Amino acid sequence: MSGRSWQVSDLALVFVGGAAGTALRWAAEEAWPAHDGQWPIGTFVVNIVGAFVLGTLLETLVRLGADQGGRRRIRLTVGTGFCGAFTTYSAFALELSLLGKGGFVGLAVAYALVSVVAGVLVAWLGVLVARRAGPLRGGTA
């Protein structure tokens with residue numbers, strides 16, 4: 001761990017981002033509720049969008065400089081807070097379990113594979129988008 005310790009303001013930034021991410025995930029789950037034997041669209045969408053946002057954000061911040069000041073605050077608010085609350089591994093795992101227990105094993109396997117592969121691909125796409133958007137200004141990445 002770095003020499004910098006956590007401060008209350010850091011926790012507040014994560015909380016604010018987390019509240020926004022949670023609200024948006026709730027809206028997605030309301031818009032696309034999960035049903036027995038069907039692809040869990042809401043969870044899939046938030047996890048894929050969150051992977052893209054996180055890939056883009058972190059690459060952009062690295063390219064802009066050291067993790068301090070405003071860049072650190074953005075990372076804590078948007079990366080840790082918002083993306084951490086917006087995306088959901090627990091709902092993904094629960095939905096996999098329910099699909100499997102409900103006899104939809106093939107769908108569960110497809111959901112797991114597509115979610116993981118698509119998540120990695122869109123995170124990588126986000127990194128590429130950030131690299132195209134601006135030069136490296138903060139030293140080595």
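Since we're looking at a predicted model, the values are computed, not measured.
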*Between W39 and F44, how do the two ring planes meet: parallel, tilted or perpendicular, split at 30° and 60°?*
perpendicular

_Which atom of A130 lies closest to which atom of T60, heavy atoms considered_ = CB-OG1, 3.3 Å

_Less than 4.5 Å apart, side chain to side chain, heavy atoms only: is that true for R72 and L13?_
no

_Which heavy atom of A66 sits nearest to which heavy atom of R71, and what is that distance?_
O-NE, 2.7 Å

*Is there a path from L24 to V45 through hydrophobic residues (I, L, V, M, F, W, Y) whose side chains come within less than 4.5 Å of each other?*
yes

*asked:* Using side-chain heavy atoms (C-beta onward) and a distance below 4.5 Å, is T43 in contact with Y111?
replied: yes

*Is L128 close to W124 at the side-chain level, that is, under 4.5 Å between some pair of heavy atoms?*
yes

*Of the non-hydrogen atoms in G79 and C83, which two are nearest, and what is the gap between them?*
O-CB, 3.2 Å

_I need the F104 CZ to L98 CG distance, nearest 0.5 Å._
11.0 Å

*So, for A108 and G100, which heavy atoms are closest and what is the spacing to 0.1 Å?*
CB-N, 4.1 Å

*asked:* Let me confirm one number: the CD-CZ distance from E30 to R25, rounded to the nearest 0.5 Å.
replied: 12.0 Å

*Which heavy-atom pair separates G134 from R63 by the least distance, and what is that distance?*
O-NE, 3.1 Å

*Answer yes if F92 and F52 sit in the same cluster of Ile, Leu, Val, Met, Phe, Trp and Tyr residues linked by side chain heavy atoms under 4.5 Å apart, and no otherwise.*
yes

*From CG (L136) to CZ (R131), nearest 0.5 Å*: 9.5 Å

_Using every non-hydrogen atom in the two residues, find where P40 and E95 come nearest and quote the distance to one decimal._
CB-OE1, 3.2 Å

*OG1/T77 to CG/D10 distance, rounded to the nearest 0.5 angstrom?*
9.0 Å

*asked:* Measuring from atom CG of L54 to atom CD of E59, what distance do you get when rounded to the nearest 0.5 angstrom?
replied: 11.5 Å

_Test your reading of the model: is there a side-chain donor-acceptor pair from S97 to the backbone of A93, 3.5 Å cut-off?_
no

*Checking N47 side chain against Y89 main chain: does a donor-acceptor pair fall under 3.5 Å?*
no

*Linking I/L/V/M/F/W/Y whenever their side-chain heavy atoms sit closer than 4.5 Å, directly or via other members, would V109 and V117 fall into one cluster?*
no

*hydrophobic_cluster_shared for I48 and L99, side chain cutoff 4.5 Å*: yes

*Examine V122 and F82 and state if one hydrophobic cluster contains both, with Ile, Leu, Val, Met, Phe, Trp and Tyr joined whenever side-chain heavy atoms are less than 4.5 Å apart.*
yes

*Calculate, to the nearest 0.5 Å, the distance between atoms CG and CG belonging to L11 and L76 respectively.*
9.0 Å

*Report the residue from W32, W26, F86 that forms a side-chain contact (heavy atoms from CB on, under 4.5 Å) with V46.*
F86

